[in-house]
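Residue numbers begin at 1 in each chain, while the letters A, B, ... track the order of the sequences. Values below: all heavy atoms of this structure, side chains included; hydrogens, waters and symmetry mates excluded.
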Number of protein chains: 2
Amino acid sequence: MEYAEFRNDEAPSIDDLPPCPVETTAQLIGSKWRLLILRDLMEGTKRFGELKKSVGSISQKVLTSNLRDMEKKGLVVRRVYPEVPPRVEYGLTDLGKSLTPIVDAMRAWGEGYLDRARKTSWGGF
Amino acid sequence: MEYAEFRNDEAPSIDDLPPCPVETTAQLIGSKWRLLILRDLMEGTKRFGELKKSVGSISQKVLTSNLRDMEKKGLVVRRVYPEVPPRVEYGLTDLGKSLTPIVDAMRAWGEGYLDRARKTSWGGF
DNA sequence: CTGTATCCGGAGCGATACTG
DNA sequence: CAGTATCGCTCCGGATACAG
């Protein structure tokens, strides 16, 4: 552990961000899982187990670590309800929500691609 | 080698594409390097060495393998000029160019993020 | 239910050497 | 110049077991 005492309170320093905005974005969401987590949280707040199911074949460990990262980056909020059994909900911060256009663009492109792939083997370009 | 005899002629089958369009897109470009290669080729055709410099710290091996993948996916064209010394140029296919909105969305978001990061440590949300 | 702690295999990647 | 071929290592991430 190493996250334990630092969660949302540590901001990424400008100094270790790449100068290129595309690269910056890629570092924040450029991973298969983070993108899918984002996609699912955009539907609204979800519990850990719910998220695990909806994301797909992700393991619990990997989901947890990705959520921790996204929390540190300020994309995700984690809310713990002191109940028993414990309940933990994850949601997007405003910053996280602001990524919507990117995910939407990816969805739009993917739909076009799948359509084409479905009706033909797309026969090359 | 294993690519050698299959370059542009093999299309991805619809059967091994995920049903979710976001996930499909993520599989095609969801890697740090592929995104940056895309970003740079969107400026126009480039030679191998040129691309290597502009992408940044990528090694030649990794650049090559990523270009091969993207070629197989139909995103990139490779043109060899039978000269000496050899010249090889890479460019985007129409499919590759159609990804522009996604990269643009990422750039736009990244710019906003960097602006905020520059003027403050954005102190949480 | 929501995690943390380990173990471990394999992919990813850098470094280097060699080729047409 | 633009690759291919290897070696070696790091670290991601899957499986499993355990805990609050």
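Residue B:L38 holds its CG atom at 10.0 Å from CE of B:M106, rounded to the nearest 0.5 Å. One finds the CD1 atom of A:I37 at 11.5 Å from the NZ atom of A:K52 (value rounded to the nearest 0.5 Å).
Between A:T64 and A:P85, it is A:P85 whose nearest contact on DNA chain C lies nearer the 5' terminus. When each of A:P86 and A:S31 is assigned the nucleotide of DNA chain D bearing its nearest heavy atom, the one mapping closer to the 5' terminus is A:S31.
If you take OH of B:Y81 and C1' of D:dG3, they are 17 Å apart, rounded to a whole angstrom. D:dT4 atom P lies 13 Å from atom CG of B:N66, rounded to whole Å. Distance CD1 (B:I58) to P (D:dG3): 13 Å, rounded to an integer number of Å. For the pair A:L67 CG and C:dT2 C1', the interatomic distance rounds to 11 Å; values are reported in whole Å. Nucleotide C:dC1 holds its C1' atom 18 Å from the CZ atom of A:R79, rounded to whole Å. Note: NZ (B:K52) to P (C:dG14) measures 9 Å, nearest angstrom. Look at CD on A:Q60: it is 15 Å from P on D:dC18, rounded to the nearest Å. In this entry the distance linking CG of A:D69 with C1' of D:dG13 reads 13 Å, nearest Å.
Nearest nucleotide to the B:V88 side chain, out of C:dC1, C:dG3, D:dG3: D:dG3. Residue B:S59 places its side chain closer to C:dG14 than to any other of C:dG14, D:dT4, C:dC1. Set against D:dA15, D:dT6, C:dT2, the side chain of B:K61 has D:dT6 as its closest nucleotide. Of the candidate nucleotides D:dG14, C:dG14, C:dT2, D:dG14 has the atom nearest to the side chain of A:V62.
Using a 4.0 Å heavy-atom criterion, one finds that B:E83 contacts no nucleic acid atom at all. Backbone-only engagement by A:Y90 is indicated by non-hydrogen atom pairs under 4.0 Å involving sugar-phosphate atoms exclusively.
Using a 4.0 Å cut-off, some side-chain N or O of B:W33 falls inside it from OP1 or OP2 of C:dC13. Using a 4.0 Å cut-off, no side-chain N or O of B:R78 falls inside it from OP1 or OP2 of D:dA2. Proximity of B:R68 to the phosphate of D:dT4: a side-chain N or O atom is located under 4.0 Å from OP1 or OP2. Side-chain nitrogen and oxygen atoms of A:R47 include at least one within less than 4.0 Å of the OP1 or OP2 phosphate oxygen of C:dT2.
In this structure, A:I102 and A:T25 have side chains that are in contact, with non-hydrogen atoms separated by less than 4.5 Å. B:Y90 places none of its side-chain heavy atoms less than 4.5 Å from the side chain of B:M70.
Side chain of B:T45 to backbone of B:G91: no donor-acceptor contact under 3.5 angstrom is found.
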